[in-house]
Amino acid sequence: MFSKILVPIDGSENSYRALEVAIDIAKRYGSKLTLLYVSSVSIMPIVSPETPFIPYSPIVNPSDFLRIVDAEKRAAEDILSKYAESASKEGVEVEKVIREGHAVHEIVELAKEGDFDLIVMGARGMSKIRELLLGSVSEGVVRNAPCNVLIVKKVI
């Protein structure tokens, strides 16, 4: 029923809960897991000597920006390795993917490209005001995914 399961992760407690649920489903159905980490840091801000000063806008010089991108990639690889190890210990086949861009877009696109049967992801649990202003990744995925989506959240 679920031969290919996509698990977007970000290192949060809810994404780890989603991994645990995905592992349980994968063991039950003999599924393969694909762990996805989406980085949005690599979108280079426009910085040049001609850029007019804009109050309160962050100015990052190119060498600092490259260090930030490198640190983000190392963090993504560490998180993916930790999560993949958890799945492997349970006897589940796992693949790791890092993408750069907008989280909703990258999750939905990989789900389409990889012909996934299920996406299992954590709910972020942000406040209603922040959700209205920033949008919800889980809501965007549910609305646009080409397959079933299971949202895992902390139940109080």
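Keep in mind that the numbers below use all heavy atoms, side chains included, and drop hydrogens, waters and symmetry copies. Remember, it's a predicted structure, so these values are computed and weren't measured experimentally.
At a threshold of 4.5 Å between side-chain heavy atoms, the hydrophobic network of Ile, Leu, Val, Met, Phe, Trp and Tyr places V120 and V97 in two separate groups. In the hydrophobic clustering of this structure, V38 does not group with Y83; members are Ile, Leu, Val, Met, Phe, Trp, Tyr whose side-chain heavy atoms approach within less than 4.5 Å, directly or through other members. Each of I9 and V137 belongs to its own hydrophobic cluster when Ile, Leu, Val, Met, Phe, Trp and Tyr are linked at side-chain heavy-atom distances under 4.5 angstrom.
Atoms SG and CZ, from C147 and F2 in turn, are 9.5 Å apart once rounded to the nearest 0.5 Å. To the nearest 0.5 angstrom, L36 atom CG is 10.0 Å from E95 atom CD. Once rounded to the nearest 0.5 Å, the distance linking CD1 of I79 with NZ of K96 reads 12.5 Å. Taken to the nearest 0.5 Å, the CD atom of E13 stands 14.0 Å off from the NZ atom of K153. Put simply, CD on E20 and CD1 on I25 are 12.5 Å apart, with the number rounded to the nearest 0.5 Å. Put simply, CG on D10 and CE on M121 are 8.5 Å apart, with the number rounded to the nearest 0.5 Å.
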Tabulate below the donor-acceptor pairs under 3.5 Å that side-chain atoms of residues 105-117 make, not counting sequence neighbours, or state none.
residue : atom : partner : partner atom : Å
E106    : OE1  : R99     : NH1          : 3.3
E113    : OE1  : R99     : NH2          : 2.4
D117    : OD2  : S3      : N            : 2.8
D117    : OD2  : S3      : OG           : 2.9
D117    : OD2  : K4      : N            : 2.9

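Looking at residues two or more places apart in sequence or on another chain, you find a salt bridge (charged side-chain N to carboxylate O under 4.0 Å, His left out) between D70 and R74. Residues meeting the side-chain contact (heavy atoms from CB on, under 4.5 Å) test with A76, sequence neighbours left out: Y37, I98.
Listed here is the closest heavy atom pair of A84 and L35: N-CD1, 3.5 Å. Summarising the geometry of A123 relative to I151, their closest heavy-atom pair is CB-CG2, 3.6 Å, with the distance given to 0.1 Å.
Of the residues V7, I5, L150, the one that meets the side-chain contact (heavy atoms from CB on, under 4.5 Å) test with V21 is L150. Of the options L33, V94, D24, V152, a side-chain contact (heavy atoms from CB on, under 4.5 Å) to L19 is made by L33 and by none of the others.
In summary, E85 and K89 engage in a salt bridge, as defined by a charged side-chain N under 4.0 Å from a carboxylate O. Using a cutoff of 4.0 Å between basic side-chain nitrogens and carboxylate oxygens, E72 and R67 are not scored as salt-bridged.
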Stepwise, does the side chain to side chain contact (heavy atoms under 4.5 Å, CB included) test hold for L118 with V149? CA-CA 6 Å; L118 178 65; V149 179; 6.0 Å; no
Between N14 and S12, does the side chain to side chain donor-acceptor pair (under 3.5 Å) criterion hold? Intermediate values first, please. CA-CA 5 Å; N14 280 338; S12 69; 5.7 Å; no
Yes or no on side chain to side chain contact (heavy atoms under 4.5 Å, CB included) for S31 and V92, after CA distance, side-chain angles and deciding distance? CA-CA 7 Å; S31 313; V92 175; over 6 Å; no
List the steps, then state whether salt bridge (Lys or Arg N to Asp or Glu O under 4.0 Å) holds for R143 with E139. CA-CA 6 Å; R143 288 182 183 268; E139 180 184 355; 3.0 Å; yes
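Y16 carries K82 over the face of its six-membered ring, with the cationic atom under 6.0 Å from the centre and within 45° of the normal.
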